[in-house]
Amino acid sequence: MGDPRLVYPLQQIITVKENRVKEQEKVVAEKRRALEKEKEKLKEAEEARDKVKQHHKDKLTQLRSIMDEGTTSPEILQMKAYIKVVQEKLVGEEKKVKDQEGQVELAEKNLETAIEVLRIKRQEVDKLMTHRKDWTKLAMFEIERAEAVEQDEMGSIIFVGRHRSKK
């Protein structure tokens with residue numbers, strides 16, 4: 001740090017707080033990775049839902065075209081039953097998407113909280129660093145003042161000694 005005569009009394013606290021900042025940075029990175037995983041799961045759930053939705057649309061279109069052709073009642077009933085099964089599956093996929101959106105939201109909140117904690121911890125270190133800087137200036141001033149007083153005293157002793165030897 002500067003002068004080897006100075007030992008900042010709160011240096012251990014700074015070291016501890018800097019370590020806490022490093023740990024919190026790791027937590028933030030982990031929360032970011034968790035958020036990305038949840039977003040990826042959401043994307044997969046949306047793709048699965050969209051696939052089922054498209055299948056549902058295709059089957060409805062197929063049913064309409066068959067009805068336009070005038071097909072037998074049992075075949076129409078069978079297709080309607082199948083469409084109902086696909087519709088239930090679509091509802092299930094929609095629920096999965098909603099649940100996953102909730103997980104993404106939760107992961108985002110966790111990340112925001114971790115970032116806020118990191119900001120606070122960095123602020124604590126910054127305050128201590130500012131204090132150390134101010135303390136160092138004051139301590140150096142005190143050392144320089146003490147040295148000046150000591151030199152004045154030595155000058156006075158030398159002066160008195162020379163003055164006495166002249167007499």
Side-chain angles (χ1 to χ4, degrees), residues 1-58 86-167:
M1 190 179 96
D3 197 305
R5 295 172 288 182
L6 297 179
V7 177
Y8 183 58
L10 302 178
Q11 185 57 46
Q12 285 183 320
I13 294 173
I14 289 177
T15 303
V16 167
K17 292 201 179 267
E18 285 174 337
N19 288 338
R20 287 181 182 165
V21 166
K22 288 176 187 169
E23 287 300 313
Q24 191 61 29
E25 286 171 344
K26 290 177 187 175
V27 169
V28 167
E30 183 230 315
K31 298 293 182 188
R32 275 204 175 96
R33 283 191 298 275
L35 175 59
E36 290 307 312
K37 274 185 185 177
E38 294 301 333
K39 283 183 176 180
E40 188 60 37
K41 286 180 186 178
L42 175 60
K43 185 179 173 187
E44 290 170 4
E46 287 172 339
E47 287 172 357
R49 177 207 53 201
D50 292 345
K51 191 175 178 182
V52 171
K53 192 182 271 188
Q54 186 60 46
H55 183 65
H56 183 255
K57 280 183 185 177
D58 293 345
V86 172
Q87 200 166 14
E88 288 172 6
K89 186 173 182 182
L90 179 58
V91 168
E93 294 297 325
E94 287 286 358
K95 184 181 181 331
K96 287 180 187 176
V97 168
K98 289 283 184 223
D99 291 346
Q100 192 55 39
E101 285 172 346
Q103 292 299 313
V104 169
E105 234 176 78
L106 180 63
E108 286 172 343
K109 286 179 184 174
N110 288 341
L111 176 59
E112 288 171 13
T113 302
I115 289 172
E116 179 62 17
V117 169
L118 177 60
R119 185 190 66 75
I120 290 168
K121 289 183 180 201
R122 281 184 175 154
Q123 198 173 31
E124 290 172 357
V125 170
D126 290 345
K127 285 179 184 177
L128 280 169
M129 295 303 252
T130 301
H131 180 267
R132 180 171 74 179
K133 185 177 168 187
D134 295 343
W135 179 88
T136 301
K137 284 180 187 176
L138 183 61
M140 286 303 296
F141 175 76
E142 292 295 328
I143 288 172
E144 288 169 4
R145 194 171 68 161
E147 287 174 350
V149 166
E150 189 179 310
Q151 285 188 356
D152 284 350
E153 288 175 359
M154 288 178 75
S156 293
I157 291 170
I158 291 171
F159 176 77
V160 169
R162 284 187 184 162
H163 189 59
R164 283 187 183 162
S165 65
K166 284 184 182 178
K167 287 187 176 180

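- Side-chain contact of Gln54 with Asp58: a donor-acceptor pair under 3.5 Å is present, judged by distance alone.
- Taking 4.0 Å as the cut-off between side-chain N and carboxylate O, Glu124 and Lys127 do not count as a salt-bridged pair.
- Contact check for Val86 versus Leu90: no side-chain heavy atoms found under the 4.5 Å cut-off.
- To the nearest 0.5 Å, the span separating NZ on Lys43 from CD on Glu36 amounts to 11.0 Å.
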Q. Taking it one step at a time, do Val28 and Lys31 satisfy side chain to side chain contact (heavy atoms under 4.5 Å, CB included)?
A. CA-CA 5 Å; Val28 167; Lys31 298 293 182 188; 5.7 Å; no
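- Note that the NZ atom of Lys137 and the CG atom of Leu6 stand 13.5 Å from one another [nearest 0.5 Å].
- Atoms CG and CD, on Leu42 and Glu47 in that order, are 10.0 Å from each other to the nearest 0.5 Å.
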Can you give me every donor-acceptor pair (side chain of residues 112-120, partner residue at least two apart or in another chain, under 3.5 Å) with its distance?
| from | atom 1 | to | atom 2 | distance (Å) |
| --- | --- | --- | --- | --- |
| Thr113 | OG1 | Lys109 | O | 2.9 |
| Glu116 | OE1 | Arg119 | NE | 3.1 |
| Glu116 | OE2 | Arg119 | NE | 3.3 |
| Glu116 | OE2 | Arg119 | NH2 | 2.5 |

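- Here CG of Asn110 is found 9.5 Å from CD of Gln103. Values are rounded to the nearest 0.5 Å.
- Contacts classified as ring-ring contact (aromatic ring centres under 6.0 Å, His included) and involving residues 91-132 (residues at least two apart or in different chains) are given here: Tyr8-His131.
- One distance of note links CD of Glu18 with CD of Gln11; it measures 7.0 Å at 0.5 Å rounding.
- The two residues Gln100 and Glu38 come nearest to each other via the heavy atoms NE2-OE1, 2.5 Å.
- Between Val52 and Glu93, the shortest heavy-atom distance links the atoms CG2-CG, 3.9 Å.
- The CD atom of Glu147 lies 12.0 Å from the CG atom of Asp152; values are rounded to the nearest 0.5 Å.
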Q. Should Glu46 and Arg49 be marked as a side chain to side chain contact (heavy atoms under 4.5 Å, CB included) after you check the CA-CA gap, both sets of side-chain angles, and the distance that decides it?
A. CA-CA 5 Å; Glu46 287 172 339; Arg49 177 207 53 201; 4.0 Å; yes
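- Inter-residue side-chain proximity for Leu10 and Arg132 is flagged as unmet; no heavy-atom pair is nearer than 4.5 Å.
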Q: Check the pair Glu25 / Arg122 against side chain to side chain contact (heavy atoms under 4.5 Å, CB included), numbers first and verdict last.
A: CA-CA 10 Å; Glu25 286 171 344; Arg122 281 184 175 154; 2.6 Å; yes
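- Here the shortest heavy-atom pairing between Ala45 and Val97 reads O-CG2, 3.5 Å.
- Residue Trp135 comes nearest to Val7 through the heavy atom pair CH2-O, 3.4 Å, listed as atom of the first residue, atom of the second, then distance.
- A salt bridge does not link Lys41 to Glu44: none of the charged nitrogens lies less than 4.0 Å from a carboxylate oxygen.
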